[in-house]
2 protein chains.
Amino acid sequence: MSLRYALLAILRVGPQSGYELQKQFSLSVGHVWHAPDSQIYPELRKMAAEGLVETEDQTRGERGMRRLYHVTAAGDRAFIDWMNGPLDYQRFRDPAHLRAAYLESAEPAAARAFLHAHIAHWEGELAQFEGELSHIDALSNPMLVRRLESTPADEREATIEYKRFAYEGLADRARGEIAWARRGLALVDRLSEAAS
Amino acid sequence: MSLRYALLAILRVGPQSGYELQKQFSLSVGHVWHAPDSQIYPELRKMAAEGLVETEDQTRGERGMRRLYHVTAAGDRAFIDWMNGPLDYQRFRDPAHLRAAYLESAEPAAARAFLHAHIAHWEGELAQFEGELSHIDALSNPMLVRRLESTPADEREATIEYKRFAYEGLADRARGEIAWARRGLALVDRLSEAAS
DNA sequence: CTCATCATGTAAGGAGTTACATGATTGG
DNA sequence: CCAATCATGTAACTCCTTACATGATGAG
């Protein structure tokens, strides 16, 4: 149910089309929340039906069209309410830790491949998080700049600091996963030496 | 799709009924994977239809019944193949970090409440992970003991060490989340002082 | 004219949640 | 006899994924 709040968070900065939102979701915002176009378009329609957003249809060339979505007062209210309310945590469900708990059932080579893939996966994520952090510091993220323009001067620091805070948390998590998998590799080595 | 592998992992230790599996999912194994009964019963039926498990019906008292599930050779093969194959990572989707990135939109009190709730949530998880770790060390986890009984002596160390490894990773993650939220609380304090 | 990009969607299905629904057995 | 626990499910719904489907515009 957080998809609509992710959409509202972006749309509150300024009206955008489904297509633009989808681009955001595969780039910057996609680091904290991902959604494919096939999920975005129907959700926007539902939100429009519920009065959280309003559409503005624009023509593009002769026959092309583009539908911009604006956040309504009700949408703004819904976002603020969500921000101020309790967050529900999903149940724990992690394929990597499930597999790790039974890793003696895998060949040592497969166990190593799994851990190397885990490291590669989180190194990729880490690179994106760190890239985002340097964009924040350099004020070179276009979304953030646009957001700051529509933010009162005395709230700009908070906007930047909380964005940093979120991405630092993500980077820390990625580093933790990498360190864990490295310890796992050492463990596989130790156990397969012991067995031989 | 990992649910069935979680079920196979448990059933490989010994045959169990849907009810017993559901108990496991709300206790020990539930730390790495959770599933409600309404998902377990249908999945077991599907797995039986695909030949991964076999049923053994038992009577309980006069009219009661109990259906035990055994892993078949095909089920064992499927589990081993899953363990040796690549793992697919889900896209990132984290309501807590989404909210953190826009925390300036929340009242300072609500921001603090969110972070305190985050700490409380992960402290609860951490306590469970640490409890599990001490059960592993004391060999007082009944599932693990049962698993070790059906494990050749030379693989017992690996079974224990990988289980430790998985839970240490989970505990580290919980500690990271707690540390992150504490830094968030300090940030809220700093920013609300600056504003006043 | 062709290709990348802009633009909008539908359909089918898997995974997970919440609520509903029923009944037997065992221990106190 | 009553409550806790054992035991098995169905139904409706949301969320998400993957694949399918179409067409316009602008740059080279």
Side-chain angles (χ1 to χ4, degrees), chain A residues 1-8 15-27 29-30 32-50 52-53 55-69 82 87-95 98, chain B residues 1-8 15-27 29-30 32-50 52-53 55-69 82 87-95 98:
Chain A
M1 207 41 186
S2 297
L3 170 59
R4 65 172 47 192
Y5 299 108
L7 289 168
L8 285 171
Q16 291 191 60
S17 68
Y19 184 79
E20 286 168 315
L21 285 162
Q22 174 217 314
K23 290 280 135 178
Q24 305 272 2
F25 272 99
S26 48
L27 298 170
V29 198
V32 277
W33 202 269
H34 171 265
D37 52 351
S38 65
Q39 209 188 348
I40 292 171
Y41 287 111
E43 183 66 24
L44 285 170
R45 296 197 152 214
K46 269 174 67 184
M47 287 162 71
E50 292 175 38
L52 303 178
V53 291
T55 59
E56 174 196 347
D57 286 3
Q58 296 184 331
T59 51
R60 245 174 45 97
E62 257 176 286
R63 263 185 298 262
M65 75 90 81
R66 183 168 175 256
R67 179 167 293 153
L68 284 184
Y69 288 89
W82 179 73
L87 193 68
D88 51 323
Y89 287 84
Q90 305 110 298
R91 295 311 200 99
F92 209 94
R93 215 171 258 123
D94 187 334
L98 170 62
Chain B
M1 205 46 182
S2 298
L3 170 58
R4 67 170 48 188
Y5 301 107
L7 290 168
L8 285 171
Q16 291 192 57
S17 67
Y19 184 80
E20 284 168 316
L21 285 162
Q22 174 218 312
K23 289 280 136 182
Q24 304 272 1
F25 272 100
S26 48
L27 298 171
V29 198
V32 277
W33 203 269
H34 170 265
D37 52 351
S38 65
Q39 210 188 348
I40 293 171
Y41 287 111
E43 184 65 24
L44 285 170
R45 295 198 151 211
K46 269 174 67 184
M47 288 163 72
E50 292 174 37
L52 303 178
V53 292
T55 57
E56 175 196 348
D57 286 3
Q58 295 183 332
T59 51
R60 242 173 48 95
E62 256 175 287
R63 262 183 299 259
M65 76 91 81
R66 183 167 177 259
R67 178 167 293 154
L68 284 184
Y69 288 89
W82 179 75
L87 194 67
D88 51 324
Y89 288 83
Q90 306 110 297
R91 295 311 198 95
F92 210 95
R93 216 171 256 125
D94 187 333
L98 170 63

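In the text below, chain A, chain B and the rest are named by the order of the sequence lines, each starting its count at 1. Both backbone and side-chain heavy atoms feed into the values below; hydrogens, waters and symmetry mates do not.
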I need the [atom1]-[atom2] distance between [X] and [N], as an integer number of Å.
| X | N | atom1 | atom2 | value |
| --- | --- | --- | --- | --- |
| B:Ile40 | C:dG16 | CD1 | P | 11 Å |
| A:Phe25 | D:dC15 | CZ | C1' | 14 Å |
| B:Asp94 | D:dC16 | CG | C1' | 16 Å |
| B:Glu43 | C:dG13 | CD | P | 17 Å |
| B:Gln22 | C:dT18 | CD | C1' | 14 Å |
| A:Arg67 | D:dA24 | CZ | P | 17 Å |
| A:Asp37 | C:dA7 | CG | C1' | 10 Å |
| B:Tyr5 | C:dG14 | OH | P | 14 Å |

Of the listed nucleotides ([options]), which one gets closest to any side-chain atom of [X]?
| X | options | value |
| --- | --- | --- |
| B:Arg63 | C:dT8, D:dT5, C:dA24 | C:dA24 |
| A:Arg91 | D:dG9, C:dT8, C:dT17 | C:dT17 |
| B:Gln39 | D:dC6, C:dC6, C:dA15 | C:dA15 |
| A:Arg60 | D:dT18, C:dG9, C:dC6 | C:dC6 |
| A:Tyr19 | C:dG16, D:dG9, C:dC6 | C:dC6 |

Establish, with yes or no, whether the OP1 or OP2 oxygen of [N] is under 4.0 angstrom from a side-chain nitrogen or oxygen of [X].
| X | N | answer |
| --- | --- | --- |
| A:Tyr41 | C:dT8 | yes |
| A:Arg93 | C:dA15 | no |
| B:Arg45 | D:dT8 | no |
| A:Arg66 | C:dC6 | no |

Between B:Lys23 and A:Leu3, which residue's closest nucleotide on DNA chain D lies nearer the 5′ terminus?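 Whichever sits nearer the 5' end wins; that is B:Lys23.
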
Identify, between B:Glu20 and B:Gln90, the residue whose nearest nucleotide on DNA chain D lies closer to the 5' end.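 Counting from the 5' end, the first nearest nucleotide belongs to B:Glu20.
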
I need the minimum non-hydrogen distance between [X] and [Y], along with the two atoms involved.
| X | Y | answer |
| --- | --- | --- |
| B:Asp37 | B:Pro42 | O-CD, 4.1 Å |
| B:Leu3 | B:Ala35 | CD1-CB, 3.7 Å |
| B:Leu7 | B:Met47 | CD1-SD, 3.8 Å |

Do A:Glu43 side-chain atoms and A:Ile40 backbone N/O form a donor-acceptor pair below 3.5 Å?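 Not at all, since once roles are kept as given, no pair shorter than 3.5 Å links the two residues.
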
Taking the side chain as C-beta and beyond, is there a heavy-atom pair between A:Tyr41 and A:Arg45 under 4.5 Å?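 No. Closest side-chain heavy atoms not under 4.5 Å.
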
Step through the shown structure and confirm whether more than 12 heavy atoms of other residues, nucleotides or ligands are within 6.0 Å of CG on B:Asp88. no

DNA chain C: B:Met1 or A:Asp88, which has the more 5' nearest nucleotide? B:Met1

Could a donor-acceptor pair under 3.5 angstrom be found where the side chain of A:Ser38 meets the base of D:dT18? yes

